[in-house]
Amino acid sequence: MAELVSKKKSKKWIIFVVLGVVLVAGLVFAAFFISGAVKRTQYNREIEMANKYFDDMEYEEAAAHYIAAIEINPKTFTAYVGVYESYVAAADVAIAKGDIGKAKSYYEDAIEVLASGADYFESDEREAIEDMIEDLENRIASTERIHSGAWDEITFGSYNGKSVEWIILSEDSDSMLIMSKYAFVAPPDACDDEYAIWQDSKLRKYLNESFINELFDEAEKNRIQISTVDNEVITYDMGETKWESQGNVQDKIYVLSVSEFEQLFPIDGYRINGLYASSHLAITCLIGDAWTEEEGYIKIDKDPEAFEMKYYGAEYWEGIDYYGMSWTLRDVSPNGTEGLTAESIWMVDGMGSTHPYMIGCGNTFRPVIRISK
């Protein structure tokens with residue numbers, strides 16, 4: 001009888017233990033569920049606040065809320081993109097105000113956040129984060145170099161008896177990428193008067209055939225290296241710029257693309273529709289300044305400094321309109337591109353802004369080459 005009572009007590013104890021375990025598990029699950037729901041609510045609130053601040057152009061506050069969202073959920077890719085875009089926008093504002101140190105600080109803060117999250121992602125998202133970090137590093141280097149006036153310069157080749165000056169865009173132990181400091185006037189037979197990707201353009205043919213022989217002697221030509229150049233076509237430019245690559249070509253001399261321009265000359269003015277943007281660092285001349293045929297240069301004034309923009313070659317090609325003196329990029333847009341009403345070629349205007357232009361003549365160009373040291 002005592003043994004039976006003992007067994008009954010033992011069963012009751014086991015039942016109580018099981019019920020206790022189930023209850024604790026239920027409480028843990030409920031707490032976990034509630035905690036997850038709370039975190040989701042907090043995360044959504046931070047993203048909502050970040051987006052609002054970004055839309056209101058309060059970029060530093062937007063970045064702070066995107067970072068708060070990452071602290072809640074470090075595996076959310078959207079918040080990292082928000083941090084990148086917010087700090088880049090904040091840096092653009094700082095650069096426009098001349099505060100280069102603050103811009104650099106924004107770029108560095110963005111890199112730190114992106115680097116901390118890279119290991120949470122794989123494949124495309126990880127690659128995108130690495131691309132954003134690389135872009136920020138390029139912006140730091142370009143901003144420091146341009147705004148400090150520290151473009152290193154060299155002379156290489158000659159034109160009409162004058163040494164040609166170049167700025168060094170980048171260099172490694174064996175070579176340097178250089179772009180002419182001033183613009184060259186394109187002769188009529190080097191001007192595309194109809195739509196053509198870089199591969200088929202008259203300017204490309206002129207640069208790599210006649211022009212190279214005009215500027216460089218045999219020893220200099222032997223220093224020029226072959227570069228792989230992409231045939232970039234901009235197919236959409238309303239809020240989100242889209243490109244299509246039409247393959248690439250091998251050139252000794254070429255001109256920058258829109259994307260290369262943006263990396264080298266950080267945007268410090270306005271931004272409309274994707275890359276339709278202004279970099280005051282790329283100013284060549286102000287519209288309305290006169291071409292001086294005898295001297296071959298244009299003098300401009302812009303507070304608080306005066307700039308002198310020289311053009312190689314005093315020849316004034318009859319029938320060509322040099323008004324504004326835009327310099328050519330190699331991107332083109334076909335007829336039907338969103339936001340454009342005709343086939344266009346992209347250029348940098350006298351105010352340092354990228355624009356799609358009607359295809360036609362009357363432009364200058366700034367050649368880019370890679371040479372051995």
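Values in this document were obtained by computation on a predicted structure and should not be read as measured data. In this chain, numbering begins with 1 at the start of the sequence shown.
- The closest side-chain heavy-atom distance from Ile154 to Met176 is below 4.5 Å.
- Heavy atoms from other residues, nucleotides or ligands lying under 6.0 Å from CD of Glu130 number more than 12.
- Note that CD1 of Ile167 is 7.5 Å distant from CD of Glu153, once rounded to the nearest 0.5 Å.
- With rounding to the nearest 0.5 angstrom, the OG atom of Ser210 is 11.5 Å from the CG atom of Leu215.
- Proximity of a side-chain donor or acceptor of Asn73 to a complementary backbone N or O of Ala69 within less than 3.5 Å is not detected.
- At a threshold of 4.5 Å between non-hydrogen side-chain atoms, the residues Glu108 and Ile140 count as touching.
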Starting from the C-alpha separation in whole Å, work towards a yes-or-no answer on side chain to side chain contact (heavy atoms under 4.5 Å, CB included) for Ile111 and Glu137.
CA-CA 8 Å; Ile111 289 173; Glu137 290 172 343; 3.8 Å; yes
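- Looking at Glu343 and Ser333, their side chains never bring a donor and an acceptor atom within 3.5 Å of each other.
- In summary, the side chains of Ser372 and Gln225 do not present any donor paired with an acceptor at a separation below 3.5 Å, with no hydrogens or angles considered.
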Determine whether Val255 and Leu207 satisfy the following criterion, side chain to side chain contact (heavy atoms under 4.5 Å, CB included), listing intermediate values before the conclusion.
CA-CA 9 Å; Val255 295; Leu207 288 178; 4.3 Å; yes
Check: residues 74-90 side-chain donor-acceptor pairs under 3.5 Å, at least two apart:
unit_1 : atom_1 : unit_2 : atom_2 : d
Thr76  : OG1    : Tyr43  : OH     : 2.5
Tyr80  : OH     : Pro74  : O      : 2.7
Tyr84  : OH     : Asp135 : OD2    : 2.7
Ser86  : OG     : Gly82  : O      : 2.7

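- Lys202 pairs by the salt bridge (charged side-chain N to carboxylate O under 4.0 Å, His left out) definition with Asp193, not counting sequence neighbours.
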Check the pair Gln250 / Thr228 against side chain to side chain contact (heavy atoms under 4.5 Å, CB included), numbers first and verdict last.
CA-CA 5 Å; Gln250 305 293 307; Thr228 299; 3.1 Å; yes
Decide side chain to side chain contact (heavy atoms under 4.5 Å, CB included) for Ile234 and Val332; before the verdict, give the C-alpha distance in whole Å, the side-chain angles of both, and the deciding distance to 0.1 Å.
CA-CA 6 Å; Ile234 295 178; Val332 291; over 6 Å; no
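- Panel note: side chain Lys373, backbone Asp172; a donor-acceptor pair is recorded below 3.5 Å.
- Residues Ile369 and Lys252 share a closest heavy-atom pair of CG2-O, 3.2 Å.
- A distance-only check finds no donor-acceptor pair linking the side chain of Arg223 to the backbone of Ile371 [under 3.5 Å].
- Atom OG of residue Ser201 and atom CD of residue Glu194 lie 11.5 Å apart, to the nearest 0.5 angstrom.
- The side chain to side chain donor-acceptor pair (under 3.5 Å) check on Asp251 picks up Trp198, Arg204, with sequence neighbours excluded.
- The stretch residues 42-52 participates, sequence neighbours left out, in these salt bridge (Lys or Arg N to Asp or Glu O under 4.0 Å) pairs: Lys52-Asp56.
- A distance-only check finds a donor-acceptor pair linking the side chain of Glu260 to the backbone of Ser257 [under 3.5 Å].
- Take Asp119 and apply the side-chain contact (heavy atoms from CB on, under 4.5 Å) test, not counting sequence neighbours, and it matches Arg126.
- Shown here are the side chain to side chain donor-acceptor pair (under 3.5 Å) partners of Glu122, two or more places apart in sequence or in another chain: there are none.
- Between Ile129 and Gly117, the closest heavy-atom pair is CD1-O, 4.4 Å.
- Every residue two or more places apart in sequence or in another chain that forms a side-chain contact (heavy atoms from CB on, under 4.5 Å) with Thr155 is listed here: Ser163, Glu165.
- With hydrogens and angles disregarded, a donor-acceptor distance shorter than 3.5 Å links the side chain of Asn231 to the backbone of Gln246.
- For the atom pair CD1 of Ile168 and CG of Leu177, the computed distance is 10.0 Å after rounding to the nearest 0.5 Å.
- Between Tyr59 and Tyr106, the gap from one ring centroid to the other reaches at least 6.0 Å.
- Every pair passing salt bridge (Lys or Arg N to Asp or Glu O under 4.0 Å) that includes a residue from residues 213-222 is listed here, sequence neighbours excluded: Glu218-Lys221.
- At a threshold of 4.5 Å between non-hydrogen side-chain atoms, the residues Ile178 and Leu169 do not count as touching.
- Using the six-membered ring where Trp is involved, Trp166 and Phe156 have ring planes that are perpendicular, over 60° apart on the 30 and 60° scheme.
- For the pair Phe216 and Gly157, the tightest heavy-atom approach, listed with the atom from each and the gap, is CD2-CA, 3.7 Å.
- Of the possible polar contacts, none joining the Asp230 side chain to the Asn248 backbone as a donor-acceptor pair under 3.5 Å is found.
- Among residues two or more places apart in sequence or in another chain, the side-chain contact (heavy atoms from CB on, under 4.5 Å) test is passed with Glu61 by Tyr53, Glu58.
- Met49 is not connected to Ile47 by any chain of hydrophobic side-chain contacts under 4.5 Å among Ile, Leu, Val, Met, Phe, Trp and Tyr, and they are in different clusters.
- At a threshold of 4.5 Å between side-chain heavy atoms, the hydrophobic network of Ile, Leu, Val, Met, Phe, Trp and Tyr places Tyr120 and Ile70 in one connected group.
- Considering only heavy atoms from C-beta on, Trp346 comes within 4.5 Å of Pro356 through its side chain.
- For the ring pair (Phe, Tyr, Trp, His ring centres under 6.0 Å) test, residues two or more places apart in sequence or in another chain that qualify with Phe211 are Phe184, Tyr206, Phe365.
- Annotation: the span from Asp152 atom CG to Ser170 atom OG amounts to 11.5 Å, rounded to 0.5 Å.
- Using a 4.5 Å heavy-atom cutoff, the side chains of Val368 and Leu256 are in contact.
- Asp200 contributes atom CG, which lies 9.0 Å from atom CG of Asp192 (distance to the nearest 0.5 angstrom).
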Under the side chain to side chain donor-acceptor pair (under 3.5 Å) rule, what do Ser259 and Glu232 come out as? Steps first, then yes or no, please.
CA-CA 9 Å; Ser259 56; Glu232 287 190 0; 3.2 Å; yes
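- Residues forming a side-chain contact (heavy atoms from CB on, under 4.5 Å) with Ser158 (at least two apart in sequence, or on another chain): none.
- A donor-acceptor pair under 3.5 Å is formed between the side chain of Asp331 and the backbone N or O of Val258.
- Scanning for side chain to side chain donor-acceptor pair (under 3.5 Å) contacts around Asn51 gives Tyr66, with sequence neighbours left out.
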Test Arg370 against Ser227 for side chain to side chain donor-acceptor pair (under 3.5 Å), laying out the working first.
CA-CA 7 Å; Arg370 180 171 290 280; Ser227 297; 4.9 Å; no
